[in-house]
**Q** 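Dumping the structure here so I can ask a few things about it.
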Amino acid sequence: MAKGYNDPAMEKKFQDRYYHAADNPEFTKEVERIGRTMAHMCYQCGTCTGSCPSAPRSSYRIRKFVRRAVMGLEREALTDPDLWLCTTCYSCTDRCPRGIAPTDIIMAMRNLAFKWDIVPRNFLKTIQLIYTTGHGVPNNDVNRAARVKLGLDAEPETTHKYPEFLPGIQKIMDHYKMKENADRILSEGEH
Amino acid sequence: MAEEKKQPRIGVFVCHCGTNIAGSLDVKAVQDYARTLPGVIVADEYQYMCSTPGQKKIDDAIKEHDLTGIVVAACSPRLHEPTFRTATKEGGLNPFRFEMANIREQNSWVHMHDYEGATDKAKDAVRIAVAKAALLEDLYPKSVPVEHAAMVVGAGVGGIQAALDLASAGIKTYLIEKTPTIGGRMSQLDKTFPTLDCSQCILTPKMVDVGRHPNIELHTYTEVEAVEGYIGNFDITLRKKARGVMTPTEATAKGIVGGGCNGCGDCDAVCPVIKPNPFEFGMKPRKAIYIYHPQVVPLIYTIDFDSCVKCGLCVEACGEKKAIDLNMEDSFETVKVGTVILATGYDMFPIEKKREWGYKQFDNVITSLEFERLICASGPTGGHLIRPSDGATPKKVAFVLCAGSRDNTGVGKPYCSRFCCMYSLKHAHQITEKIPGCQAYIFYMDIRSFGKMYEEFYYRIQDEGTKFIRGRVANILEDAKTKNLHVYAEDTLLGQPVDMVVDMVVLAAAVEPTQNIDPVRKMFGVSCSQDGWMLEAHPKLNPCGTTTAGVFLAGVCQGPKDIPDTVAQAEGAASAASIPIHMGKVELEPYFAQCIEEKCAGCGMCTNLCPYSALDLVEKNGRTVMQVTEAKCKGCGTCGGFCPGGAIYMQHFTTPQIVAQIDAFLLGGEQ
Amino acid sequence: MHNGMHEYAFFLGCIAPNRYPGCEAAAIKTSRNVGIELLPLKGASCCPAPGAFGAVDLSVWYAMAARNIILAEEMGKDIALICNGCYKSIYEVNERLKEHDDLRDQVNEVLAEVDMEFKGTIDVYHLAELYYDPKICGVEKIRESVVRPLDGTKIAVHYGCHLLKPIKERRFTDAENPMWIEELVDALGAESVQYRNKMQCCGAGGGVRGFDLAHSLDITNEKLINVTEAGADAITEVCPFCQLQYDRGQIEIKEKFGIEWNIPVLHYNELLGLAQGMSPQELALDLHGIDCKPFLDKIL
Amino acid sequence: MAEGEWQPKILAIICNWCSYAGADLAGSARTQYPPDVRAIRVMCTGRVDPLFIMKAFADGADGVLVSGCHFGDCHYIAGNFKCAKRMFLMKSVLKDLGIEDNRLRMTFVSASEGAKWAKVIEDVVKTVTDLGPSPLNQLQQ
């Protein structure tokens, strides 16, 4: 509960900094289900952060995210933009002495963040591109010309050359309402 | 077996064990059910059957109802069978007329959420037990004499202490050591925590004592080859590995008067073959004829025949002592002992398997035992700690704790190695003391300083200036030019990544059971626990014993422990091992095989199956039949499980008894 | 095997065909010289990108990757591919679906809507591991295929992440200091050089390149410092996405941070193509952001 | 469980030194498993006479589990090994009699493997439950 100070600056300065019970006790289980790894076994040794290429150049601490998973601190985890600084190099996963996959905990949290409509735009654009072309990085004219020069067909043997495969791909993505949600989040972001 | 057959009159007693049993199943229903079973004269229940009033119930019921058999439904017979057998005996029945139904460890504790299922299972267990109890017979334990001698396998500090205790208690003790000298790991250490005693200084007096104790027969460079027999009467064959050098005693026995090795080292000086010394982890050379270090006990040289070129220079140098025999071969000796203590110690986990820390990839990453040798005055550098890459004195040293311990990746060891925290604190102290301006960094997850004066030692080391960084080391990289090391971790207390550049890294590598110890463990019939260490009989109440009667454990072979704990356990094991010897006899459970001669066809299949050669074919009344030597039979029943004619009678586990149990389970038997 | 050739369905991915077509052309030609025939896998899509796509919804990632695998199952061929990102998606999903019934059922339920079913009948390989595997090709065969040794060149190997990590879910045994690609490089007559933090990520993965370009480039820049200190003439890798990060990344680093590196970056197949006598034009090296000429001058 | 619902009858014959101790350890650790198995203790699985197996099936058992020490860990050197050979033969005998051979199972559980014991029981109960009542019992019905 707010303290009722008439100065909002003071209210903010002295806001409650305890953490209490978990925001969402199911959060740990959800993360473990999606990430297929036992986050709750973490003993906070920091091997993950020590292995992380993003840690020395940012405030991203993967150990803290694992801690948030363990304690069910859902909001703190999903709204922290550092969540998107994991390069998924899996060094932490290889070295974790508890056999946990911290990388997959991050991936699970990103999946859950998507459900909260929190996803950086580049991720959503990749989805749109894959939906419409089958490729996250589609062909272009410069490349087509180069391909022909090399003796390759202008379009590779993929959905580019065989667009009849696209409806199947779209059906799979539609099953999960992936494109629909990506479009919505992107358009809302534009307002 | 000759007593008159009486109709079975059985008493059943169901234990609540507080709520341990009664909380998960219906004790009353089990009791009521027991009353319906054939032969059951009385069925009772009690809060704690193992208590004095509980036992008294058995005593009273036997007398009151003239019972022939007792069933107690309670915990595991592995826990309280002896208790209730005694109670049965006190009631006037033969103690082997007792049978236990396990409704706790194998029922109420494992079906805590299925009251009905657990109750049904308990009823079945009681029915099965009653069926067996109805067929139980009077049996009499066999008393066997105990050889007034003991063996200790492994002569590290644990084995040395155990041997000294046994010997001082007047028991002839064979101390067996596979390496050429006694002393074990402790002799490789420089100082000991938390007192900072010189390890050699406190160990060598004990080593010398071993060497001259009249009751200790020391066998170095010797391994256990075979074990036969049982408590009181172990026949143990030793393989005395060919050492190539005779002791004065051995020389005298061969008629070389005044000869034999006196440790002068003349041979060492002339030997042309140079090899790394394993005692110094290869950091110092030795010859093909060698001693590990000057304080070895016994002070006898050993030839490494794998590298010896048999040039004969040593034989020449030895001269009239004629101690050296280049054609020596392994020899065997069998000794008889009453009890055995295993003190086989540990090895370092091969930490190079944790690739991220670069051991064996980077010169200046060493293990803690290598550090011990490098800082030890008698070590390869005379106690001057230097970097392997360039011989420079390190000014910054990082200690990596839990290197391979507390590791659930499948590469390292899941357990805590228990003494690394403390010796790393000691190492930090040593470099701070020896090298002015040298900074120690200890990378740790938890500092486990639980022993007497340990936490105080931690306080002291912190006060001396060692920096503690709470974070497990992620990886180590080498600077190709300087050979300095970058230690990467997270300072988890600050939440900040660390790139600590140091001159040297010491890995507090996990410990694991001694290489190739499994055959020895199995020869003595000792199990191992999940972590690979030898399994004690009970983790709390019998930490020195094993499931093989007469075999005891001391030291790290049972699980990681430091020197105080090892010595304490060694003294405990010595005490336990001396009891049967001082008693002079032990009672063996009377689970012997018997031959039912009229059924025996004399086929002899069983004689080959018996692992103890307890069965023989003999002529009796013109027929060939099998005969059991009871002293050799250990009661496994393997013969009885095979006999095609059903001619083998396994006491206490007879075929009729077991079949009755099966019938009782599957066909019921309620009245 | 067909006509003495080991045949594989060639999974292209996105960046090789659509940005570095030389990689695709080189893979087809160079592998043929060592007894491997790469057959077109018609209708394949993005693997899909494990970081950028999987981050949003792993269930869809499994299903989409399974669709690509099924195309090869229908051909009855094992898959070969040349990109570490694709390797993670295709190899890992293939293995996980084979192992875990719950995942397979979940994926097949969705795929039923498009009349497909994951059966788990094929295996997935990175072309580089096939090159190294003596049962398929082996270092010796690579060495024998060389007509223009890359003598006098020093090459830094970047393994990338998803080829080897997580190591528990890979066929390989060492992700901390592997040396097998170095063997493949040395077989071409070049000298592989060791550099600090060889196994560190290029910085591109996990959607970070798109999310925070400067951050990902800072990681790349650190690697470029280490590679330069080791005196390498070029970087080789086995992943077009890493290639993109190093190659285009150097231009972006110049723009953003004002540092110029100019270290040529070549996919191992391009390097192998050069050693087998292919011309820079046949490899479309002109499409690279960083001019390969200083490197080519040493060998041509 | 509903009244009248079929429940498998499974007999376990287990050795004193390893499997019985392992089962006790599962208890001390409160590792939960289904209550469908009834155990008989013998000193060593070497004691297990094929007769016991036949008797159990004849009496209406739906499954039999024999559990001993790991090879090399037998308290009596190799009784478990001798038993394993017999059980192997018994499986073919059962097959000849029209009884599915996976109704008989031999496992090796050490004194330190409480969790494994629980897993073994779960597996055995599941296998036998999936197989349904023993063919001999079906005949009787």
Side-chain angles (χ1 to χ4, degrees), chain A residues 17 19 32 35-71 73 76-77 80-83 85-106 109, chain B residues 349 351 353-358 398 400-417 420-421 441-448 468-477 485-502 505 507-510:
Chain A
R17 281 178 169 79
Y19 83 76
E32 294 197 341
R36 303 179 78 87
T37 187
M38 34 173 201
H40 69 279
M41 290 312 297
C42 173
Y43 58 27
Q44 292 286 304
C45 66
T47 303
C48 45
T49 307
S51 303
C52 180
S54 280
R57 43 184 56 78
S58 70
S59 56
Y60 170 55
R61 301 288 174 265
I62 184 162
R63 175 183 56 82
K64 288 195 179 177
F65 278 93
V66 181
R67 184 71 185 151
R68 289 161 177 165
V70 177
M71 298 311 292
L73 303 177
E76 207 176 296
D80 184 344
D82 286 349
L83 179 60
L85 284 178
C86 170
T87 67
T88 68
C89 78
Y90 282 91
S91 291
C92 54
T93 301
D94 271 7
R95 293 176 187 155
C96 173
R98 276 277 157 114
I100 303 168
T103 318
D104 291 335
I105 291 172
I106 294 296
M109 285 181 177
Chain B
F349 166 74
I351 195 65
K353 285 188 185 168
K354 297 295 287 184
R355 302 276 300 156
E356 57 265 44
W357 294 321
V400 179
L401 270 53
C402 299
S405 305
R406 303 176 70 194
D407 179 314
N408 299 80
T409 60
V411 179
K413 303 288 173 184
Y415 47 78
C416 166
S417 291
C420 336
C421 282
Y441 297 96
I442 292 187
F443 287 86
Y444 72 103
M445 292 196 277
D446 304 287
I447 295 289
R448 296 183 168 177
F468 290 80
I469 299 170
R470 194 207 169 272
R472 185 173 168 281
V473 172
N475 64 318
I476 294 169
L477 295 174
L485 300 156
H486 290 256
V487 179
Y488 293 96
E490 181 189 5
D491 181 332
T492 57
L493 302 178
L494 283 176
Q496 206 169 336
V498 183
D499 169 7
M500 187 68 73
V501 185
V502 297
V505 170
L507 301 176

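Note: hydrogens, waters and symmetry copies are ignored here, and every other heavy atom, side chains too, is used. Chain letters run A, B, ... following the sequence lines, proteins first and then strands; every chain starts at 1.
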**Q** Can you list the steps and then say if B:Thr492 with A:Gln44 is a side-chain contact (heavy atoms from CB on, under 4.5 Å)?
**A** CA-CA 8 Å; B:Thr492 57; A:Gln44 292 286 304; 5.9 Å; no

**Q** B:Tyr488: what forms a ring pair (Phe, Tyr, Trp, His ring centres under 6.0 Å) with it, not counting sequence neighbours?
**A** none

**Q** Out of A:Ser91, A:Cys96, A:Ser59, A:Cys45, which one racks up the most heavy-atom pairs below 4.5 Å with chain B?
**A** A:Cys45

**Q** Taking all atoms of both residues into account, what is the closest heavy-atom pair of B:Ala474 and A:Thr47, and its distance?
**A** CB-O, 3.4 Å

**Q** Got a second to check how far B:Asp407's CG is from A:Arg98's CZ, nearest 0.5 Å?
**A** 10.0 Å

**Q** With only heavy atoms counted, which part of A:Arg61 is less than 4.5 Å from chain B, the side chain, the backbone, both or neither?
**A** side chain

**Q** Would you mind listing every salt bridge (Lys or Arg N to Asp or Glu O under 4.0 Å) that reaches into residues 38-58 of chain A, with sequence neighbours excluded?
**A** A:Arg57-C:Asp218, A:Arg57-C:Glu222

**Q** What pair of heavy atoms forms the shortest contact from A:Tyr43 to B:Arg406, and how long is it?
**A** OH-O, 2.7 Å

**Q** Of all the heavy-atom pairs spanning B:Gly495 and A:Arg63, show the shortest one and how long it is.
**A** CA-NH2, 3.6 Å

